[in-house]
Amino acid sequence: MERGEGSRKFPGGEEPNTKNASNNDNSPADVGPSSGPLKRGRGRPKGSQNSKKSKQSDRLIKWVPLFQGSINKVNQETGNDELVSSLMMRFNAVRRRLSQVKNVRVPIGTNFMKVEDSGEEKRLAISVVSSGKNADEAQDPDSLIYTGFGGQESDQKLDRMNLSLEEALKKKSVVRVIRAVEDEKRSQGNVYIYDGLYSITEMWEEKSSSGFKVFKFRLVRQADQKPAFGLWKSIEQWKKELVTRPGLVLEDLSNGAENLKVSLVNEVDDEKGPSSFSYITSLKHTVIDVPPMVDLCTCRPKSCCSRDDCLCVQRNGGELPYVDRVLVTRRSMIYECGDSCPCSNDCKNKMIGTGLKFSLEVFKTMDRGWGLRSLNPIRAGSFICEFAGDIIQQGDEVTDDYIFDSSRVSKSFQWNYEPELVGEDASKKVSEVISRPAIPFLISAKKSGNVARFMNHSCSPNVMWQPISREEKGVWCIHIGCFAIKHIPPLMELTYDYGAFTGYGKRKTCLCRSKKCSGSF
Ligand SMILES: C[S@@+](CC[C@H](N)C(=O)[O-])C[C@H]1O[C@@H](n2cnc3c(N)ncnc32)[C@H](O)[C@@H]1O
């Protein structure tokens, strides 16, 4: 049944393509990107256990003008992709912050609009969010049988949502469908996929397992739409049996070096793989953090990772950089617990060296050689991989295509949350500017490297890099961690901004196809 499933919690942020339904009768609107989130949900009693959250929402309403301040009138009218993307990033930063305080709900149900019909006002269903919990809904990518609304302990009535779905059937109008799949990374979570337009082709009544009348609606996906939910279903199958993946060249490019297989796929031409290199999982030579730090974390195993006890966490301004394995604040340097810290490997302040979290795929692009993507959806802020390779000494001649240069300046973007938007002290703001290290460092992944060497450049990237320092055998060493800037759906190419050309290597013409492409990198 759909009812009650809206209370599923999503710590750590929103899912790719998640929609929040306004006018949703089923579950209270909450913090989310659409018009719904800032209102208190209808039917939620004042002074209930949600009142704390309502206060938080009220605080948000107060600060909305600040949020909108940077959008000029023309853009408010027309919008544009870049602006929407940047707004979503700011919104998600606030959401990440609020998720640290309280979990976030995604409503399940139907969205409707009011229409005039022969002088009568009617409700017409326009979108449906399916939980996928009902056996009929879970499997078929081209259709689903949707259960109507009503209590589980009485007959459903032909009113409100059920009436709006019946109206869409009568009018032969389309509904937008959002379908859920289980989030394999979080036992309590779902990922919501926008699956395009469906028609309601049939409606009937039947008895539920508890003996009450329920309405059922058959929804059929309209033809000639790109697969969305269907693609996720195919990916589920490939992950179970990699050999079924079309274009598979190699099951594991890392040859067992990584904790998860890195598949190699070519659906474009006959090339059998990239030129050879040694697969390593971390930086071969370490870069010593300057100035060297001598203090090591002294916390005891059980108390490690907390704000007060852990010296490493205190170096991060007293805040844990990761919450639920998601990077919550980007800084010039993040200090992780290291070799001499007494904490275990699942310490909340350790990310580097903990292995891949997503099934990654190196694939042949149409025109930029090989690229990298994931078979799993990736939440904004998730750690993707380290940039592994050899450290190039200053003064060495650098000519290869696999250079990571920390002195390149990338386009700035707003990723950290803005304290004033959640009513917090503005002085808590952490600068977005990743200050360039005193001695810039260069990594070459030409001879030795990992999956990061396949990440192509984009002027509108979905991955960012973050310097991370941790103690290894008594010295503090810098690593480069790659994190998702946005929620990234499966099979979307992972790209980062290489930054402005500094003279190392060759300047190249950019083929990223972003609307904001600067032409070269
Ligand atoms: C670090 S490698 C990335 C992996 C590479 N595509 C491969 O096949 O091994 C960087 C090189 O990829 C190509 N490349 C990356 N991003 C590109 C872009 N936006 N436009 C054109 N070529 C790109 C360029 O040849 C660049 O020197």
Side-chain angles (χ1 to χ4, degrees), residues 81-82 85 247 249-250 252-255 258 262-284 360-374 384-392 396-411 413 440-465 479-483 485-486 488 491-521:
D81 289 355
E82 292 290 329
S85 164
V249 179
L250 205 59
D252 186 11
L253 183 69
S254 87
N255 205 12
E258 296 284 12
V262 177
S263 47
L264 179 71
V265 167
N266 187 351
E267 294 176 282
V268 171
D269 57 30
D270 295 333
E271 200 181 335
K272 287 293 172 221
S275 50
S276 85
F277 69 100
S278 320
Y279 199 102
I280 53 170
T281 54
S282 193
L283 265 188
K284 229 179 188 177
L360 300 177
E361 179 176 278
V362 172
F363 74 105
K364 188 75 194 282
T365 67
M366 298 299 282
D367 50 7
R368 290 157 301 123
W370 299 88
L372 186 68
R373 61 192 179 190
S374 164
I384 297 172
C385 60
E386 173 175 356
F387 200 104
D390 295 299
I391 293 291
I392 302 286
D396 283 1
E397 203 190 332
V398 183
T399 51
D400 72 66
D401 277 350
Y402 295 90
I403 295 292
F404 174 87
D405 175 359
S406 72
S407 65
R408 280 186 163 220
V409 178
S410 307
K411 275 190 210 130
F413 56 91
F441 57 93
L442 300 165
I443 303 169
S444 170
K446 184 173 168 60
K447 291 186 192 142
S448 312
N450 66 344
V451 281
R453 79 194 287 281
F454 295 106
M455 249 189 272
N456 287 316
H457 160 86
S458 172
C459 300
S460 299
N462 50 19
V463 172
M464 63 188 171
W465 57 270
H479 294 260
I480 299 298
C482 300
F483 292 85
I485 307 179
K486 308 169 183 174
I488 309 175
L491 296 191
M492 178 173 279
E493 183 171 359
L494 305 176
T495 53
Y496 73 99
D497 181 356
Y498 287 6
F501 184 65
T502 49
Y504 288 114
K506 284 182 218 133
R507 186 191 289 276
K508 298 241 172 153
T509 301
C510 184
L511 302 172
C512 77
R513 295 190 186 83
S514 146
K515 282 183 191 154
K516 285 268 171 92
C517 180
S518 55
S520 67
F521 59 91

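When a ligand or atom number is given, it counts from 1 through the structure's own listing order. The model shown is predicted, which means the values in this text are computed figures rather than measured ones. Note that these values count all heavy atoms, side chains included, but never hydrogens, waters or copies made by symmetry. Position 1 is the first residue of the sequence, and the numbers go up from there.
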Side-chain donor-acceptor pairs of residues 270-277 under 3.5 Å, sequence neighbours excluded:
{"residue": "E271", "atom": "OE1", "partner": "K364", "partner atom": "NZ", "Å": "2.6"}
{"residue": "E271", "atom": "OE2", "partner": "W370", "partner atom": "NE1", "Å": "3.3"}

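- Using a 4.5 Å heavy-atom threshold, the side chains of L360 and S374 count as touching.
- By the neighbour-count criterion of 12 heavy atoms within 6.0 Å, atom NZ of K411 is densely surrounded, having more than that number from other residues, nucleotides or ligands.
- When all heavy atoms of T365 and G371 are compared, the pair lying nearest together is CG2-N, 4.0 Å.
- Contact between N456 and Y498 at its shortest, heavy atoms only, is CA-OH, 3.3 Å.
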Between ligand 1 and the protein, find all N/O pairs closer than 3.5 Å and give the distance for each.
{"residue": "ligand 1", "atom": "6 (N)", "partner": "R368", "partner atom": "O", "Å": "2.7"}
{"residue": "ligand 1", "atom": "6 (N)", "partner": "W370", "partner atom": "O", "Å": "2.8"}
{"residue": "ligand 1", "atom": "6 (N)", "partner": "N456", "partner atom": "OD1", "Å": "2.8"}
{"residue": "ligand 1", "atom": "8 (O)", "partner": "W370", "partner atom": "N", "Å": "2.7"}
{"residue": "ligand 1", "atom": "9 (O)", "partner": "Y402", "partner atom": "OH", "Å": "2.5"}
{"residue": "ligand 1", "atom": "12 (O)", "partner": "N456", "partner atom": "OD1", "Å": "3.4"}
{"residue": "ligand 1", "atom": "16 (N)", "partner": "H457", "partner atom": "N", "Å": "2.9"}
{"residue": "ligand 1", "atom": "19 (N)", "partner": "H457", "partner atom": "O", "Å": "2.9"}
{"residue": "ligand 1", "atom": "20 (N)", "partner": "L511", "partner atom": "N", "Å": "2.8"}
{"residue": "ligand 1", "atom": "25 (O)", "partner": "K508", "partner atom": "NZ", "Å": "3.1"}
{"residue": "ligand 1", "atom": "27 (O)", "partner": "D401", "partner atom": "OD1", "Å": "3.4"}
{"residue": "ligand 1", "atom": "27 (O)", "partner": "K508", "partner atom": "NZ", "Å": "3.2"}

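- Here the closest non-hydrogen pair linking R408 and F501 is NH2-CD1, 3.2 Å.
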